[in-house]
Engineer: 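Shown below is the structure under consideration.
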Amino acid sequence: MKNTQRNFVDHIIPHRIPKQKGVGKAPVNIALSKYWGKRNVDLNLPTNSSLSISLPGLGTETQIEWIENQSDQIYLNETKMAFDSSFAQRIRIFLDLFRPSPKGGFIVNTVNSVPTAAGLASSASGYAALVLALNDCFQWGLPLKRLSLLARLGSGSASRSLYEGFALWHKGQLDNGMDSYAEKIDQAWPELCIGLLEIDISTKPISSTKGMQNTVNHCELYQAWPDKAEADLQKIHRAIQDKNFQQLGQTAENNALAMHATMIATWPPILYWQPESVAAMHKIWQLRNDGCNVYFTMDAGPNLKLLFLKQDATVIQTHFPSIKIIQPFPQ
Ligand code: DP6
C-alpha cells in the first residue's frame, strides 16, 4: 500500500472503527465524454474531466463485514475468489487503505448484474458499491462527493458511479487530489435510450488501467487528447442542458472514436475492436444515412453502446435483435 494513498484517505474518513455489517449498491456508468489517461497514477488523477450516464438496474451490490483474527474472503457472484486472483488482489490492496488493524479481515460479498471485465465498466459500479458499503460499515456518514474521492482510488470511472443520471468527474487542479471528484448533473432526459450491443463478453486482453498508461507513454497523438476531451465535455454538457440529441450523439461518438484512435496509434497497438464491432459501426452509419438518429460509444472493449431516442427504439430493436435497451431516466 502506498503512503500517498493512505494519507489521502486519512484526510477524508473520520476513523477506522467498524460499527456494523455494511451494504452498498451502485449502477454502472457509460462515459459520453471519456476518461483516458492519468496525470498521477498513485492518486488516480485523470488528465481530463469526463461525463457519464448511469444505467439503473445494472450494477453491483456489495456487503462487507470486518472480522477479527481472520483473513480477507472475497466472493464474486457467490463464488469465493482465489487469494491470488487479480480480482481479489486488487480489492485487497484497496481495502488495505481502510483496515482497522492488521489482525482481522474483511468478508466481501459482491454481486454484479453485468459481465465482469467485459468493457461494461463493472469495476466502476464495483468500487462505488464497495465504498458505499464501507461508509455503511464504519458509519462515516460521508456525503457522495467525498465518497466519490474514495471510489476514484479504486477505479477512476467509479467516481462517477455514485450517482444516478448524468455525472461529471472534474479532473481537478490540486496535486493532493482533493478536488478530483464527480458530481451529479441535475438534468433528466426521459426520452434518452442506451442500447447495449454485446459483441464479446470474455475478459479483455488488456485492462483499461494498463491500456491508458501505455497510450499516455507511447502514443504521439495523445498530446492532442486532453484539450479535445475538455472541449467535447463542454459540448456534451451543453447538449444535455439544451436537450440537443444530435449534438450529444455526434460529440459522444466522435469522442469515443478519438479515444480509440489514440489507442490504435500507440506502440504496441491497442485495438479492442473485433470484426463484429466494425460491422456494427457500419450498420449504425447506414441507419443514420437512412434517417435514423442513432449514434454509438465504445469503451475499452469490443462492445458498442448505442445512443438514440425512445421514438426510434422499435427500429433499433429490429435491426439489432439481441440489443438490450435501457432507459436511464424515470418515465
Ligand atoms: C474507456 O476507470 O477502468 O471506460 O482508473 O485505471 O481503473 P482505472 O480505469 P477505468 O477506465 C475507464 C476507461 C473508459 C472510459 C471511461 O469510463 O471514462
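We count ligands from 1, going down the list as the structure has it; atoms in each ligand are counted the same way.
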Engineer: Answer yes or no: are there more than 12 heavy-atom neighbours, outside H218 itself, under 6.0 Å from its atom NE2?
Structural biologist: yes
Engineer: In terms of hydrophobic clusters joined by side-chain contacts under 4.5 Å, are Y127 and Y35 together?
Structural biologist: no
Engineer: Should one rank Y35, W169, Y127, Y272 by closest heavy-atom distance to atom 13 (C) of ligand 1, which comes out on top?
Structural biologist: Y35
Engineer: Taking the ring centre of each residue, are F329 and F166 less than 6.0 Å apart?
Structural biologist: yes
Engineer: Decide salt bridge (charged side-chain N to carboxylate O under 4.0 Å, His left out) for R99 and D72; before the verdict, give the C-alpha distance in whole Å, the side-chain angles of both, and the deciding distance to 0.1 Å.
Structural biologist: CA-CA 11 Å; R99 285 181 203 287; D72 291 341; 2.6 Å; yes
Engineer: For ligand 1, which atoms, with element, lie under 4.0 Å from some heavy atom of T209?
Structural biologist: 6 (O), 7 (O), 8 (P)
Engineer: In ligand 1, which numbered atoms sit nearer than 4.0 Å to a non-hydrogen atom of K38?
Structural biologist: 5 (O), 6 (O), 8 (P)
Engineer: Pull out every atom of ligand 1 sitting under 4.0 Å from any heavy atom of N44, numbered as shown with elements.
Structural biologist: 5 (O)
Engineer: Regarding ligand 1, does S33 bring an N or O atom to under 3.5 Å of one of the ligand's N or O atoms?
Structural biologist: no
Engineer: Would you mind finding which of G37, S155, S159 brings a heavy atom closest to atom 7 (O) of ligand 1?
Structural biologist: S155
Engineer: Heavy-atom contacts with R90 under 4.0 Å: which atoms of ligand 1 show up? List them by number with element.
Structural biologist: 7 (O)
Engineer: Using a 4.0 Å cut-off to any heavy atom of G156, which atoms of ligand 1 qualify?
Structural biologist: 2 (O), 5 (O), 7 (O), 8 (P)
Engineer: Can you confirm if the NZ or CZ of R160 lies within 45° of the ring axis of Y181 and under 6.0 Å from the centre of its six-membered ring?
Structural biologist: no
Engineer: At a non-hydrogen distance cut-off of under 4.0 Å, which region of R160 contacts ligand 1 (side chain, backbone, both, or neither)?
Structural biologist: side chain
Engineer: Any idea which atoms of ligand 1 are less than 4.0 Å away from a heavy-atom of M212?
Structural biologist: 9 (O), 11 (O)
Engineer: Quick one, N176 and F8 - any side-chain contact, counting heavy atoms below 4.5 Å?
Structural biologist: no
Engineer: Could you list which atoms of ligand 1 come closer than 4.0 Å to a heavy atom of A31?
Structural biologist: 16 (C), 17 (O), 18 (O)
Engineer: Under 4.0 Å from a heavy atom of S208: give me the atoms of ligand 1 that qualify, with their elements.
Structural biologist: 3 (O), 10 (P), 11 (O)
Engineer: Decide whether a cation-pi geometry holds between K305 and F296; the criteria are a distance under 6.0 Å from NZ or CZ to the six-membered ring centre and an angle within 45° of the ring axis.
Structural biologist: no
Engineer: Would you say S50 has any N or O atom under 3.5 Å from an N or O of ligand 1, going by distance alone?
Structural biologist: no
Engineer: Could you tell me if the ring centre of Y295 sits under 6.0 Å from that of F245?
Structural biologist: yes
Engineer: Before giving the answer on salt bridge (charged side-chain N to carboxylate O under 4.0 Å, His left out), spell out for R16 and D10 the whole-Å C-alpha distance, their side-chain angles and the decisive distance to 0.1 Å.
Structural biologist: CA-CA 9 Å; R16 284 188 179 77; D10 284 345; 2.9 Å; yes
